[in-house]
Amino acid sequence: MTAPRTVLLTGAAGGLGTLMRELLPPHGYRLRLFDRRTIENTDGEPDAITAELADTGALREAVRGVDAIVHLAGISLEAPFEKILRANIEGTYHVYEAAREAGVRRIVFASSNHAVGFTPRPADGSGAIPVTTSRRPDTYYGLSKGFGEDLASLYWDLHGIETVSIRIGSCFPRPTSVRMLSIWLSPADCARLLHAALTAPDVGHTVVYGSSANTRLWWDLSGARALGYAPQDDSEPYAAELIAAHGALDPDNPEHTHLGGAFCTDPPRWPY
Ligand code: NAI
Ligand code: 15L
């Protein structure tokens with residue numbers, strides 16, 4: 001595949017979108033931005049669209065002429081089913097339909113660890129959870145990410161649109177919990193992974209985990225590495241401080257027994 005140059009970034013006003021607006025262009029991209037919230041400080045990025053994913057006319061305009069889509073928009077935590085249905089399930093469907101109509105050939109989909117959140121936590125550093133592990137969503141939110149992965153699979157088989165679905169761990173400027181020591185994705189590594197997912201040849205539909213090269217890694221990163229991703233960061237420098245503040249992972253604490261952490265409690269508890 002020729003390296004995409006113009007990329008539609010949905011969810012551009014969100015936490016990850018804001019970070020990627022700064023970190024993706026140095027990899028060679030011109031971004032078109034899309035979000036239902038007003039996107040701040042777009043002086044250098046005049047190509048910004050404020051619209052709902054449900055606005056199929058605006059989406060059709062947004063995908064026109066782009067080489068690829070990085071689809072981050074959606075509800076990013078647990079919410080009532082009707083809201084998840086509209087933003088994450090129907091919204092992702094609208095993105096794929098717009099891509100099909102416009103002939104866009106590559107999408108990177110922001111899936112989540114919560115698609116498999118009820119998977120028991122392995123030993124720290126084992127990297128034991130394979131990408132083929134059965135889906136065990138921990139929330140309606142996680143369920144919607146499984147839907148997105150399957151939609152991507154369908155659009156590859158039926159329409160030849162390639163997708164890399166990235167089950168992102170926790171992508172924030174720094175890890176803020178002991179659980180995140182195992183699943184943290186540094187923003188710079190996130191940009192590296194998106195770049196690999198946008199440029200790797202012949203991905204069909206590929207599902208990978210998204211994290212940095214953490215010493216305490218819980219899952220198998222080989223799928224992401226096979227795309228050409230070479231993570232540069234590790235959460236370990238934050239470990240002593242976080243363990244001193246919060247204590248080590250406790251096998252008797254239900255928030256520590258599964259991949260999805262506190263998303264696996266009813267109701268999900270914040271912060272995680
Ligand atoms: P966020 O909540 O900060 O940003 C999401 C953005 O999507 C918001 O700006 C929101 O306005 C927009 N949005 C939501 N519904 C929309 C709709 N119907 N139409 C148009 N725009 C809509 O979330 P964050 O952290 O930036 O995450 C981005 C994506 O990555 C999400 O899909 C999230 O599920 C996924 N993800 C993020 C992780 C993380 O650690 N930040 C971990 C795993 C997955
Ligand atoms: C996610 O999927 C969320 O979007 C993000 O806000 C974090 O909660 C992350 O997972 C996590 O598991 O830490």
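Annotation: side chain to side chain donor-acceptor pair (under 3.5 Å) contacts of T56 (sequence neighbours excluded): none. Residues satisfying the ring pair (Phe, Tyr, Trp, His ring centres under 6.0 Å) test with Y229, not counting sequence neighbours, are none. The salt bridge (Lys or Arg N to Asp or Glu O under 4.0 Å) check on E90 picks up nothing, with sequence neighbours excluded. Taking R136 as the reference, nothing meets the salt bridge (Lys or Arg N to Asp or Glu O under 4.0 Å) condition, with sequence neighbours excluded. Residues passing the ring pair (Phe, Tyr, Trp, His ring centres under 6.0 Å) test with F109, sequence neighbours excluded: none. Legend: residues meeting ring pair (Phe, Tyr, Trp, His ring centres under 6.0 Å) with Y96, ordered by chain and number and at least two apart, are Y155. The side chain to side chain donor-acceptor pair (under 3.5 Å) check on D150 picks up R135, with sequence neighbours excluded. For R37, the salt bridge (Lys or Arg N to Asp or Glu O under 4.0 Å) criterion is met by no residue, not counting sequence neighbours. Taking the ring pair (Phe, Tyr, Trp, His ring centres under 6.0 Å) definition, one finds that H195 meets it with H27, Y29, sequence neighbours left out.
Between the side chain of W184 and the main chain of D233, no donor-acceptor pair closer than 3.5 Å is present. Counting only distance, with no hydrogens or angles, the side chain of S112 and the backbone of A115 share no donor-acceptor pair below 3.5 Å. Using a distance-only test at 3.5 Å, with no hydrogens or angles considered, a donor-acceptor pair links the side chain of N214 to the main chain of S235. T265 places a side-chain N or O within donor-acceptor distance of the main-chain N or O of A262, the cut-off being under 3.5 Å.
Rounded to the nearest 0.5 angstrom, D234 CG and T215 OG1 are separated by 3.5 Å. Note that the OG atom of S170 and the CE atom of M180 stand 4.0 Å from one another [nearest 0.5 Å]. Taking CZ of F81 as the reference point, atom CG of L143 lies at 6.5 Å (rounded to 0.5 Å). Of the inter-residue distances, the one linking L181 atom CG with Y238 atom OH reads 10.5 Å to the nearest 0.5 angstrom. Between L8 atom CG and T6 atom OG1 the span is 10.5 Å, to the nearest 0.5 Å.
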Ignoring hydrogens and angles, write down the donor-acceptor pairs under 3.5 Å from the side chains of residues 12-24, residues two or more places apart or on other chains.
| unit_1 | atom_1 | unit_2 | atom_2 | d |
| --- | --- | --- | --- | --- |
| T18 | OG1 | G14 | O | 2.6 |
| R21 | NE | E45 | OE1 | 3.2 |
| R21 | NE | E45 | OE2 | 3.3 |
| R21 | NH1 | E40 | O | 3.2 |
| R21 | NH2 | E40 | O | 3.0 |
| R21 | NH2 | N41 | O | 3.0 |
| R21 | NH2 | E45 | OE1 | 2.6 |

*So E162 and R105, salt bridge (charged side-chain N to carboxylate O under 4.0 Å, His left out) or not? Walk me through it.*
CA-CA 6 Å; E162 294 193 297; R105 311 309 301 167; over 6 Å; no
*asked:* Test salt bridge (charged side-chain N to carboxylate O under 4.0 Å, His left out) on R30 and D47; report intermediate values, then the result.
replied: CA-CA 9 Å; R30 179 178 170 277; D47 217 358; 3.2 Å; yes
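The side chain to side chain donor-acceptor pair (under 3.5 Å) contacts involving residues 114-124 comprise H114-D138, D124-W218, where partners must be two or more places apart or lie in separate chains. Identified under the salt bridge (charged side-chain N to carboxylate O under 4.0 Å, His left out) test for residues 221-232, with sequence neighbours left out: none.
The closest side-chain donor-acceptor pair between T92 and H71 falls under 3.5 angstrom. The closest side-chain donor-acceptor pair between D189 and S212 falls under 3.5 angstrom. Checking T163 against W156 by side-chain atom types alone, no donor-acceptor pair falls below 3.5 Å. Looking only at atom types and distance, the side chain of E149 has no donor-acceptor partner in the side chain of S165 under 3.5 Å away.
With salt bridges taken as basic N to acidic carboxylate O contacts below 4.0 Å, none links R32 and E61.
What you find for C190 and C171 is that their closest heavy atoms are CB-SG, 3.8 Å.
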